[in-house]
Protein chains: 2
Amino acid sequence: MKEVLPQFNSTFSIDCVIFGFDGGDLKILLIERNNEPFKDWWALPGNLVGENESLDQSASRILNELTGLTDIYMEQYYTFGDVNRHPQGRVVSIAYYALLRLGGDKAVRPISSYAKQAHWVNINELPKLAFDHQQIYDKGLEKIKRRIKHQPIAFELLPEKFTLTQLQNVYELILGKKLDKRNFRKKMLSFGVLKDLDEKQKGVSFRAATLYRFDKRKYAKLFGKEISF
Amino acid sequence: MKEVLPQFNSTFSIDCVIFGFDGGDLKILLIERNNEPFKDWWALPGNLVGENESLDQSASRILNELTGLTDIYMEQYYTFGDVNRHPQGRVVSIAYYALLRLGGDKAVRPISSYAKQAHWVNINELPKLAFDHQQIYDKGLEKIKRRIKHQPIAFELLPEKFTLTQLQNVYELILGKKLDKRNFRKKMLSFGVLKDLDEKQKGVSFRAATLYRFDKRKYAKLFGKEISF
DNA sequence: ACATTTACTGTGTTTTTTACACTAACTCCG
DNA sequence: CGGAGTTAGTGTAAAAAACACAGTAAATGT
């Protein structure tokens with residue numbers, strides 16, 4: 001029924017920089033490719049976009065296929081379309097990043113067909129990546145660095161209940177630098193979006209810290225005002 | 001030689017939000033479509049990406065075909081890929097914005113084949129747009145609003161020599177709100193990236209203002225430091 | 001009880017942001 | 001040439017935000 005649009009041999013794919021935080025390290029999910037080109041290389045998870053899925057849906061599907069998770073925070077951030085970025089033809093790739101919490105029962109055991117294996121890799125120990133994936137990763141990290149300063153995305157990496165020290169760790173890992181503890185806590189609490197749970201950490205050696213929860217309601221009320229985390 | 005990648009009937013295009021400033025109003029370039037679908041509707045300039053051009057090249061080409069201009073500041077900002085955004089098939093569209101100065105000898109008389117006509121339209125008087133172009137425009141403006149606060153893109157809209165009042169006008173038009181004159185001037189000058197030309201406006205009624213030039217060298221030296229215009 | 005580790009707290013200084021109104025310079029016109 | 005009209009240009013005080021900085025409190029393990 002539809003008229004055919006002019007076209008040539010081309011296609012598009014999604015690539016995902018999937019960040020996970022396990023309470024200690026910040027990691028991304030990499031796959032070891034099972035096919036040419038770049039067989040046996042490490043690469044960002046990605047796939048072609050299906051005929052009847054939107055870009056956002058496709059990104060969610062890719063993440064779900066690897067991790068089994070749904071409803072994960074994902075954001076499209078850039079599209080890579082150099083003519084020769086894929087050796088087998090023109091592939092334009094739309095990049096997404098995702099943020100999720102690792103560990104516990106959600107431990108995430110990745111399975112997939114086009115990959116020999118998938119691994120969570122510390123972002124400070126990344127191997128050489130296939131295609132232009134290093135560039136895609138770099139740009140993703142850069143975007144997240146900016147975004148974390150203005151939007152409450154750090155909470156996506158943390159369990160529902162978390163301590164201020166954990167929150168600070170997330171910021172320090174993403175920004176790649178140390179922050180002053182007192183100033184950090186003062187500022188975070190001043191936004192009024194953290195709810196003190198009157199509850200302490202359990203199962204830790206040494207002094208237990210107070211647990212907090214991110215209060216989405218209060219955050220929603222702040223909209224319009226510029227808020228800088 | 002190349003293996004063929006799996007694919008279906010799909011293609012991708014570039015759409016451009018081309019901002020122009022004529023000293024008074026902020027405008028974008030719109031075309032009146034000559035073909036179905038949305039024949040006779042106003043739309044953002046756009047075209048399919050050629051087989052051997054990168055996305056950036058394609059965006060530059062589209063702008064050049066309409067205006068004859070080259071070396072214009074352009075930035076990719078988002079990719080739109082809903083399944084039904086184009087009635088004739090799957091078209092993923094990569095959006096760019098561009099900033100340029102209008103008027104004088106550069107007056108820009110747009111010509112093109114797929115458009116009946118092209119016009120510069122005040123951003124406060126936009127007509128109904130074809131496809132999802134309103135959404136594409138909205139997101140573009142939003143991105144520029146953010147960017148103008150951190151990067152020296154306002155200068156792209158101004159002639160080489162400009163007055164502080166003109167610069168402030170650009171900010172006010174993009175941000176959509178009035179700014180305090182004294183605070184604005186103080187802040188702009190404090191960055192040290194404006195060179196006072198010891199030269200006055202000519203041909204104006206009433207008192208002539210001092211002309212400035214943006215000093216790219218000094219700006220380059222600031223890199224790394226967060227600078228907020 | 002002591003050693004160890006992490007949680008938690010406050011103040012003073014500096015910098016940035018905001019609010020605010022008048023004089024100076026130039027042009028046009030009569 | 002003088003006065004009316006219009007835009008250019010300037011400073012200060014108050015408030016808010018950012019920054020630098022170190023010791024005590026609480027819990028654990030031995």
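Chain identifiers are assigned alphabetically (A, B, ...) following the order of the sequence lines, protein sequences preceding nucleic acid strands; residue numbering begins at 1 within each chain.
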Give a yes/no on whether any side-chain N or O of [X] is located under 4.0 angstrom from OP1 or OP2 of [N].
| X | N | result |
| --- | --- | --- |
| S205(A) | dT6(C) | no |
| R185(B) | dG9(D) | yes |
| K186(A) | dT9(C) | no |

Looking at the side chain of [X], which of [options] is the nearest nucleotide?
| X | options | value |
| --- | --- | --- |
| N183(B) | dC20(C), dC8(C), dA18(D) | dC20(C) |
| F206(B) | dA8(D), dG5(D), dA25(D) | dG5(D) |
| R182(B) | dT10(D), dA27(D), dC19(D) | dT10(D) |
| R207(A) | dG9(D), dA27(D), dC20(C) | dA27(D) |

In whole angstrom, give the distance that lies between atom [atom1] of [X] and atom [atom2] of [N].
| X | N | atom1 | atom2 | value |
| --- | --- | --- | --- | --- |
| D180(A) | dG23(D) | CG | P | 15 Å |
| K177(B) | dA19(C) | NZ | C1' | 15 Å |
| K200(A) | dT28(D) | NZ | P | 11 Å |
| K187(B) | dT17(C) | NZ | C1' | 8 Å |
| I227(A) | dA17(D) | CD1 | P | 11 Å |
| K149(B) | dT16(C) | NZ | C1' | 16 Å |
| K181(A) | dT5(C) | NZ | C1' | 11 Å |
| F184(A) | dC19(D) | CZ | P | 14 Å |

Quiz item: If you look at every strand shown and take non-hydrogen atoms under 4.0 Å, does T163(A) touch a base, only sugar-phosphate, or nothing?
Solution: nothing
Quiz item: Got a sec: does the CG of D196(A) have more than 12 other heavy atoms crowding it under 6.0 Å?
Solution: yes
Quiz item: Y77(A) ring centre to K143(A) NZ or CZ under 6.0 Å, with the angle to the axis within 45°?
Solution: no
Quiz item: Ion pair present between R85(B) and D15(B), side-chain N to carboxylate O less than 4.0 angstrom?
Solution: yes
Exercise. Give me the one residue out of L30(B), D132(B), V17(B) that meets side chain to side chain contact (heavy atoms under 4.5 Å, CB included) with Y137(B).
Key: V17(B)
Quiz prompt | Over all atoms of both residues, closest heavy-atom pair of I148(B) and F229(B) | solution = O-CB, 3.5 Å
